[in-house]
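Whatever order the structure lists ligands and atoms in, that order sets their numbers, starting from 1. Quick note: residue numbers are just sequence positions, from 1. All figures in this text were calculated on a predicted structure; none of them were measured in a lab.
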Amino acid sequence: MRTVLVTGATRGIGLAVARRLAQAGHQLALHYRGDESAARDLAAEMSRREVPHALFRADIADAAEAAALPGQVAARFGRLDALVNNAGITDDAVFLTMPQERYARVLRTNLLGTMRLTHAAMPHLAKAEAPAIVIMSSLGGVAGKEGQVAYAASKGGLIGLTQWLAARYGHTGLRVNAVAPGFIETDMTRQLKPAMTQHILDGTALRRAGRVEEVAETVFQLLEPGYVQATTLRVDGGFNR
Ligand SMILES: NC(=O)c1ccc[n+]([C@@H]2O[C@H](COP(=O)([O-])OP(=O)(O)OC[C@H]3O[C@@H](n4cnc5c(N)ncnc54)[C@H](OP(=O)(O)O)[C@@H]3O)[C@@H](O)[C@H]2O)c1
């Protein structure tokens, strides 16, 4: 049984990932930021399903909290085999008028939060038999979308981090890959204006939004032992704009 830490596990893509990994029989370290009620609901669901799990609270934009999280998981379970860096935010605005603090917050959460957490997880992953990291990038990080300057910079940075970690630590057996979802139905995309949603769907070959379960399936596959390394897998329905 592998122990997997999933960040942002109480809603959206992270919740779907937690459910998929539960189905596969993993032991789960379920991270959340502040929604105690959603965290309790998730824990109750996992208990009903007899999935070994524990909840961990942390604001990954806080340097100390992000760095402490992997150690807390290892202390609780005695091991950490895999890490799903899913938690993230977006804050879209026009670059030239966007206050620095707003784009700094996006970078602090998505890029620095993930780097700090991953950095702190490395000594624990080094002891695992088939260690793996999946980093949630975005299509925005591959082909920066309008209004998403901070988001694109952070998610593009995560692709660089993925490639670097994969190249540097691949010889140890550590597998590192990123996922770049396109338009997936979650709270994050529900904030978009209808015209923008339509624009994205018109540019998507499958002509529909993706489901969280479809991203979760990809994350699950990337965590399984295998030969995929350093890749950024697009789960975007063939988005082509
Ligand atoms: N939806 C899409 O179309 C799409 C496309 C490409 C990439 N993605 C990426 O996929 C990931 C999940 O997105 P989603 O659509 O599921 O978003 P979501 O529904 O908005 O969920 C975001 C998750 O991140 C957590 N989070 C945000 N800021 C945090 C912080 N400072 N510390 C700890 N946790 C924090 C949230 O926790 P709280 O509940 O406590 O706020 C929540 O669990 C993100 O990295 C996102 O960028 C999404």
Side-chain angles (χ1 to χ4, degrees), residues 5-20 29-42 55-70 72 83-92 102 104-118 134-145 148 150-159 161-162 178-192 196-197 199-201 203-204 206 208-216 218-219 222 232-237 239:
L5 167 59
V6 182
T7 64
T10 54
R11 63 191 169 103
I13 293 171
L15 175 58
V17 169
R19 286 178 169 152
R20 182 65 184 89
L30 301 166
H31 157 266
Y32 69 106
R33 173 173 49 173
D35 189 341
E36 297 289 343
S37 145
R40 269 198 305 275
D41 287 350
L42 179 59
L55 292 170
F56 297 87
R57 203 214 63 79
D59 177 353
I60 66 159
D62 180 287
E65 291 188 23
L69 181 56
Q72 292 165 358
L83 169 62
V84 180
N85 280 303
N86 165 75
I89 55 168
T90 189
D91 184 1
D92 301 351
R102 278 178 59 189
R105 182 171 150 263
V106 175
L107 290 165
R108 218 166 37 239
T109 306
N110 296 358
L111 186 56
L112 290 180
T114 300
M115 283 185 81
R116 285 175 174 137
L117 222 146
T118 304
V134 172
I135 292 180
M136 199 59 70
S137 178
S138 168
L139 203 60
V142 178
K145 292 285 130 207
Q148 295 202 317
Y151 189 71
S154 69
K155 294 296 185 175
L158 289 178
I159 293 173
L161 175 66
T162 301
V179 175
F183 184 88
I184 312 298
E185 271 173 358
T186 66
D187 293 344
M188 188 177 274
T189 47
R190 274 187 272 278
Q191 300 164 18
L192 289 176
M196 178 55 94
T197 299
H199 171 76
I200 294 170
L201 294 181
T204 302
L206 292 181
R208 67 167 177 86
R211 294 186 286 273
V212 289
E213 292 79 9
E214 292 169 320
V215 182
T218 303
V219 172
L222 289 174
T232 297
L233 201 50
R234 291 170 67 147
V235 183
D236 65 355
F239 187 77

Heteroatom proximity flag, Ile60 to ligand 1, N/O under 3.5 Å: yes
Determine whether the side chain, the backbone, both or neither of Asn86 has a heavy atom under 4.0 Å from any heavy atom of ligand 1. both
Give a yes/no verdict on whether any heavy atom in Glu185 is under 4.0 Å from an atom of ligand 1. no
Out of Ile89, Leu139, Thr90, whose heavy atom is nearest to atom 27 (C) of ligand 1? Ile89
Nearest protein heavy-atom contact for atom 48 (C) of ligand 1: which residue, which atom, what distance? Ile13 CD1, 3.7 Å
Atom indices of ligand 1 within 4.0 angstrom of Thr189 heavy atoms, with elements: 1 (N), 2 (C), 3 (O)
Tell me if a side-chain donor or acceptor on Asn85 pairs with a main-chain N or O of Met136 at a distance below 3.5 Å. no
Asp59 neighbourhood, listing ligand 1 atoms whose heavy-atom distance to it stays under 4.0 Å: 30 (C), 31 (N), 32 (N)
Nearest protein heavy-atom contact for atom 40 (O) of ligand 1: which residue, which atom, what distance? Arg33 CB, 3.1 Å
Minimum heavy-atom separation for Phe239 and Arg234, please, with both atom names. O-NH2, 3.2 Å
Any side-chain heavy atom of Leu42 sitting closer than 4.5 Å to one from Tyr32? no
Just going by heavy-atom distances, which of Arg190, Arg57, His31 is nearest to atom 33 (C) of ligand 1? His31
I'd like to know if the side chain of His31 and the backbone of Val6 have a donor-acceptor N/O pair within less than 3.5 Å. no
Is any side-chain heavy atom of Ile89 closer than 4.5 Å to a side-chain heavy atom of Arg105? yes
Would one find an N or O of Gly88, backbone or side chain, under 3.5 Å from an N or O of ligand 1? yes
Provide the number and element of each atom of ligand 1 under 4.0 Å from a heavy atom of Met136. 9 (C), 10 (O), 11 (C)
May I ask you to decide if Gly88's main-chain N or O and Thr109's side chain share a donor-acceptor pair within less than 3.5 Å? no
Among all the protein's non-hydrogen atoms, which is closest to atom 25 (C) of ligand 1, and how far away is it? Ala87 CB, 3.7 Å
Atoms in ligand 1 flagged as close to Gly34, the criterion being non-hydrogen separation under 4.0 Å: 40 (O)
Is atom CE of Met115 surrounded by more than 12 heavy atoms (other residues, nucleotides or ligands) closer than 6.0 Å? no
Distance-only, no hydrogens or angles: does the Ser137 side chain make a donor-acceptor pair with backbone N or O of Lys155 under 3.5 Å? yes
Contact check, side chains of Thr90 and Val106, non-hydrogen atoms, under 4.5 Å: no
Identity and distance of the protein heavy atom lying nearest atom 20 (O) of ligand 1: Arg11 NH1, 3.3 Å
Within the side chain of Thr189, is there an N or O that forms a donor-acceptor pair under 3.5 Å with the backbone of Ile184? yes
Do the non-hydrogen side-chain atoms of Asn86 and Val17 ever get within less than 4.5 Å of each other? no
Output the list of atoms in ligand 1 that are nearer than 4.0 Å to some heavy atom of Gly8, sorted by atom number. 43 (O)
Please work out, at 4.0 Å between heavy atoms, whether the side chain, the backbone, both, or neither of Thr186 comes within that distance of ligand 1. side chain
Nitrogen or oxygen atoms of Asp35 and ligand 1 under 3.5 Å apart: no
Is it true that Asn110 and Ser154 share a donor-acceptor pair across their side chains at a distance under 3.5 Å? yes
Got an N/O contact under 3.5 Å between Gly12 and ligand 1? no
Of the protein's non-hydrogen atoms, which lies at the shortest distance from atom 3 (O) of ligand 1, and what is that distance? Ile184 N, 2.8 Å
Using a 4.0 Å cutoff against the non-hydrogen atoms of Ala61, which atoms of ligand 1 qualify? 31 (N)
Check ligand 1 against Pro181 and write out every atom of the ligand that is under 4.0 Å from a heavy-atom position of the residue. 5 (C), 6 (C), 7 (C)
Should Ser137 be listed as contacting ligand 1, given a heavy-atom distance under 4.0 Å as the test? yes
Please list, in number order, the atoms of ligand 1 under 4.0 Å from a heavy atom of Ala58. 32 (N), 33 (C)
Among all protein heavy atoms, pick out the one at the shortest distance from atom 8 (N) of ligand 1; state its residue, atom name and that distance to 0.1 Å. Tyr151 OH, 3.4 Å
Closest contact, heavy atoms only, Pro181 versus Ile13: CG-CD1, 4.4 Å
Answer with yes or no whether Glu65 contacts ligand 1, where contact means a heavy atom under 4.0 Å from a ligand atom. no
Is Gly182 in contact with ligand 1, taking contact as a heavy-atom separation below 4.0 Å? yes
State, with a plain yes or no, whether a side-chain heavy atom of Arg57 is found less than 4.5 Å away from one of Glu36. yes
Look at the side chain of Glu65 and the backbone N and O of Asp59, then say whether any donor-acceptor pair between them is shorter than 3.5 Å. yes
